[in-house]
Amino acid sequence: DAGVTQSPTHLIKTRGQQVTLRCSPKSGHDTVSWYQQALGQGPQFIFQYYEEEERQRGNFPDRFSGHQFPNYSSELNVNALLLGDSALYLCASSDGPTHTEAFFGQGTRLTVV
Amino acid sequence: RKEVEQDPGPFNVPEGATVAFNCTYSNSASQSFFWYRQDCRKEPKLLMSVYSSGNEDGRFTAQLNRASQYISLLIRDSKLSDSATYLCVVNMGQGGKLIFGQGTELSVKP
């Protein structure tokens, strides 16, 4: 039973570029949430997708956008990258949008130079 | 004020020691509470949920005090393998959004 998988594992981008990160949820899960974890900090909620729609959003600018596909996988897009966007981006899946037991993927480490 | 606050540590303890982590949360409407464990450069993993009645899982005991908006985690008989960052996590009950503290780093030494 595959857990949550994310790709790529590491990424280096230049300021101003755009990036797309991908996530496949745990088998049987239909809800995906994205978090940003800066060095030395706890993860910060970006948004949650369920039934291919954004259901909740944290305090992140519109440069951060996402998508969920019919197979429940999800993408996180970040436009106009800033140095401060450098972080570990974590995807978490759950069985339903209100279920709080979340399983995390190993994350994508994004470095913006 | 941060929504969830933890002492960042690090806590350096010898094997066999008992160590306690504390956490406070600011919103009294918070509904669910958890402790997650995160190893260096890895993803967070659920350690245990926290209930008002308190709960225990082997060497780990979690307590919740809703009146004081305070959560604790006690680790008895520390093992080298307990070395990690422990994250205090709160859910507001409005969907699956989890609010994390900054984490407390634990290092268990031989």
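In this text, all values refer to a predicted model and were calculated from it rather than measured experimentally.
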* Asked: For chain B, which of A/G42, A/P97, A/P43, A/G107 has the most heavy-atom pairs under 4.5 Å?
  -> A/P43

* Asked: Could you give the distance from CD (A/Q44) to CD (B/Q102), rounded to the nearest 0.5 Å?
  -> 10.5 Å

* To do: Heavy-atom distances under 4.5 Å only: say whether A/F103 touches chain B with side chain, backbone, both or neither.
  => neither

* Return yes if a side-chain donor-acceptor contact under 3.5 Å exists between B/E43 and A/Q6, otherwise no. => no

* Structure fact -> Turns out that what part of B/Q31 lies under 4.5 Å from chain A's heavy atoms comes down to neither

* CG/A/L83: more than 12 non-hydrogen atoms of other groups inside 6.0 Å -> yes

* Asked: Nearest 0.5 Å, what's the CZ-CD distance between B/F34 and A/E101?
  -> 8.0 Å

* Joint cluster assignment, A/F47 & A/V78, ILVMFWY side-chain distance < 4.5 Å -> yes

* So with a 6.0 Å cut-off around CZ of A/R15, is the heavy-atom count from everything else above 12? -> no

* Asked: Do you know the tightest heavy-atom contact between A/L88 and B/Q38?
  -> CD2-NE2, 4.3 Å

* Pick whichever of B/R41, B/Q6, B/E105 has the most heavy-atom pairs under 4.5 Å with chain A. => B/R41

* Is A/N71 atom CG crowded by more than 12 heavy atoms from other residues, nucleotides or ligands, each under 6.0 Å away? -> yes

* Asked: For the hydrophobic clusters of this structure (ILVMFWY residues joined by side-chain heavy atoms under 4.5 Å, transitively), does one cluster hold both B/F33 and B/L73?
  -> yes

* With respect to chain B, which residue among A/S33, A/A102, A/A92, A/A38 yields the maximal number of heavy-atom pairs within a distance under 4.5 Å? -> A/A102

* Asked: Does any heavy atom of chain B fall under 4.5 Å from the side chain of A/Q48, the backbone, both, or neither of them?
  -> side chain

* To do: Hey, could you give me the CZ/CG distance between A/F104 and B/L46, rounded to the nearest 0.5 Å?
  => 9.5 Å

* To do: Quick one: pull up CD in A/Q56 and CE in B/M92 and give me the separation to the nearest 0.5 Å.
  => 10.5 Å

* To do: Heavy-atom pairs under 4.5 Å with chain A are the metric here; pick the option from B/P44, B/G101, B/P8 that has the most.
  => B/P44

* Asked: Would the number of heavy atoms belonging to other residues, nucleotides or ligands and lying under 6.0 Å from CD1 of A/I12 be above 12?
  -> no

* Other residues, nucleotides, ligands: >12 heavy atoms within 6.0 Å of A/Q17 CD -> yes

* To do: Against chain A, label B/L98 side chain, backbone, both or neither, depending on which of its atoms sit under 4.5 Å from a heavy atom there.
  => both

* Asked: B/Y86, B/Y25: one ILVMFWY side-chain cluster at the under-4.5 Å cut-off?
  -> yes

* To do: Kindly check if the number of other-residue, nucleotide or ligand heavy atoms within 6.0 Å of CZ (A/F69) is above 12?
  => yes

